[in-house]
> 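This is the structure, below, for whatever I ask next.
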Amino acid sequence: MREQKLQPLVSATGAIACGFFLIVVAMIAYEVVSRYFFNSPTIWSHELSVMLCASAFLLGGPYVHQHRSHIVISIAAERFSPLWRSRANVLVSLLTFAFFIVLTYATVQQAADSISLMEQSGTALNLPIPVFIKTLFAMVAALMALQSLLQLLTDFKTLK
């Protein structure tokens with residue numbers, strides 16, 4: 001039940017990730033046409049497509065995590081009894097929560113450093129892409145830590 005409270009936010013992150021990939025496809029197509037048909041390549045398409053792909057990968061994480069669609073070794077889990085499977089789920093959720101707490105702490109520190117320096121890409125456009133990506137990474141890590149906590153609480157309930 002608690003996990004459903006985050007569902008609209010996480011669904012939105014998944015939709016935004018899909019949209020970013022569609023934009024990247026359009027940008028790359030434009031770049032190919034510009035470069036090979038009009039002999040006029042862009043200076044912005046590579047940098048922005050990398051930024052959008054990185055953002056899409058980050059934003060897709062919470063969606064996959066909420067649906068518990070990440071990689072699992074089902075052959076091991078299938079051998080457990082329902083009680084031991086529940087216990088294993090609690091352990092995995094606890095370790096996942098701990099991991100995302102540590103990741104959130106580390107990414108917040110990196111984002112703060114990047115923001116204070118107003119870090120830039122160092123390319124022809126020299127956009128503050130590192131600031132954007134590191135800040136987004138910190139926000140996504142915090143969202144996934146919250147999601148992991150809610151999943152842990154749900155797993156504790158199924159254990160009883």
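None of the values given here were measured: they were computed from a predicted structure.
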> What do the steps show when you test Trp44 against Met27 for side-chain contact (heavy atoms from CB on, under 4.5 Å), and what is the final call?
CA-CA 10 Å; Trp44 51 266; Met27 285 173 39; 4.0 Å; yes
> Can Ile28 and Ser45 be said to form a side-chain contact (heavy atoms from CB on, under 4.5 Å), step by step?
CA-CA 7 Å; Ile28 298 294; Ser45 66; 5.6 Å; no
> Flag yes if Leu143 and Val102 sit in one hydrophobic cluster, no otherwise; membership is Ile, Leu, Val, Met, Phe, Trp, Tyr, and two members link when side-chain heavy atoms are under 4.5 Å apart.
no
> Does a sphere of radius 6.0 Å around CG in Asn126 hold more than 12 heavy atoms from other residues, nucleotides or ligands, not counting ones at 6.0 Å or beyond?
yes
> Holding to salt bridge (charged side-chain N to carboxylate O under 4.0 Å, His left out), I want the full list of residues that pass it with Arg35, two or more places apart in sequence or in another chain.
Glu31
> Going through the checks in order, is the side-chain contact (heavy atoms from CB on, under 4.5 Å) test met by Met144 and Gln66?
CA-CA 8 Å; Met144 291 179 80; Gln66 182 181 56; over 6 Å; no
> Please examine the side chains of Asp155 and Ser86, heavy atoms only from C-beta on, and report whether any two atoms are closer than 4.5 Å.
no
> Would you mind reporting whether Leu125 and Ile43 have side-chain heavy atoms less than 4.5 Å apart?
yes
> Can you check whether Leu48 reaches Val24 side chain to side chain, under 4.5 Å on heavy atoms?
no
> Treat each ILVMFWY residue as a node, draw an edge where side-chain heavy atoms are under 4.5 Å apart, and state whether Phe20 and Val140 are in one component.
yes
> Is Leu136 reachable from Ile16 through a run of I, L, V, M, F, W or Y residues, each pair having side-chain heavy atoms under 4.5 Å apart?
yes
> Counting C-beta onward and ignoring hydrogens, is there a side-chain heavy-atom pair between Ser114 and Pro130 closer than 4.5 Å?
yes
> Is there any ring-ring contact (aromatic ring centres under 6.0 Å, His included) pair reaching into residues 99-126, and which pairs are they, with sequence neighbours excluded?
His65-Phe100
> Under 6.0 Å between the ring centres of Phe57 and Phe21?
yes
> Which heavy atom of Val10 sits nearest to which heavy atom of Thr13, and what is that distance?
O-OG1, 2.6 Å
> Closest approach of Gly60 and Ala17, non-hydrogen atoms and distance?
N-CB, 3.9 Å
> Is there a donor-acceptor pair under 3.5 Å between the side chain of Glu47 and the backbone N or O of Thr123?
no
> Cluster question for you: counting only ILVMFWY and a side-chain heavy-atom cut-off of under 4.5 Å, with indirect links fine, are Ile129 and Ile23 together?
yes
> What are the two closest heavy atoms between Thr104 and Ala138, and how far apart are they?
CG2-O, 4.4 Å
> State, with a plain yes or no, whether a side-chain heavy atom of Met51 is found less than 4.5 Å away from one of Ile133.
yes
> Answer yes or no: is there a side-chain heavy-atom contact under 4.5 Å between Phe132 and Pro128?
no
> Using 0.5 Å steps for rounding, measure from the CG atom of Asp113 to the CG atom of Leu117.
6.5 Å
> What's the separation between atom CD in Glu119 and atom CG in Leu127, rounded to the nearest 0.5 Å?
13.0 Å
> How many angstroms lie between CZ in Phe137 and OG in Ser55, if you round to the nearest 0.5 Å?
12.0 Å
> With side chains defined as the heavy atoms from C-beta onward, is the minimum distance between Met118 and Val131 less than 4.5 Å?
yes
> If you round to the nearest 0.5 Å, how far is CG of Leu91 from CH2 of Trp84?
10.5 Å
> Evaluate side-chain contact (heavy atoms from CB on, under 4.5 Å) for Thr135 paired with Met139, printing each intermediate quantity in order.
CA-CA 6 Å; Thr135 303; Met139 291 171 22; 4.1 Å; yes
> Between OG1 of Thr96 and CD of Gln151, what distance do you get to the nearest 0.5 Å?
7.5 Å
> Consider only side-chain heavy atoms of I, L, V, M, F, W and Y, link residues closer than 4.5 Å, and tell whether Val108 and Leu149 are in one cluster.
no
> Working to the nearest 0.5 angstrom, can you tell me the gap between Leu83 CG and Arg87 CZ?
4.0 Å
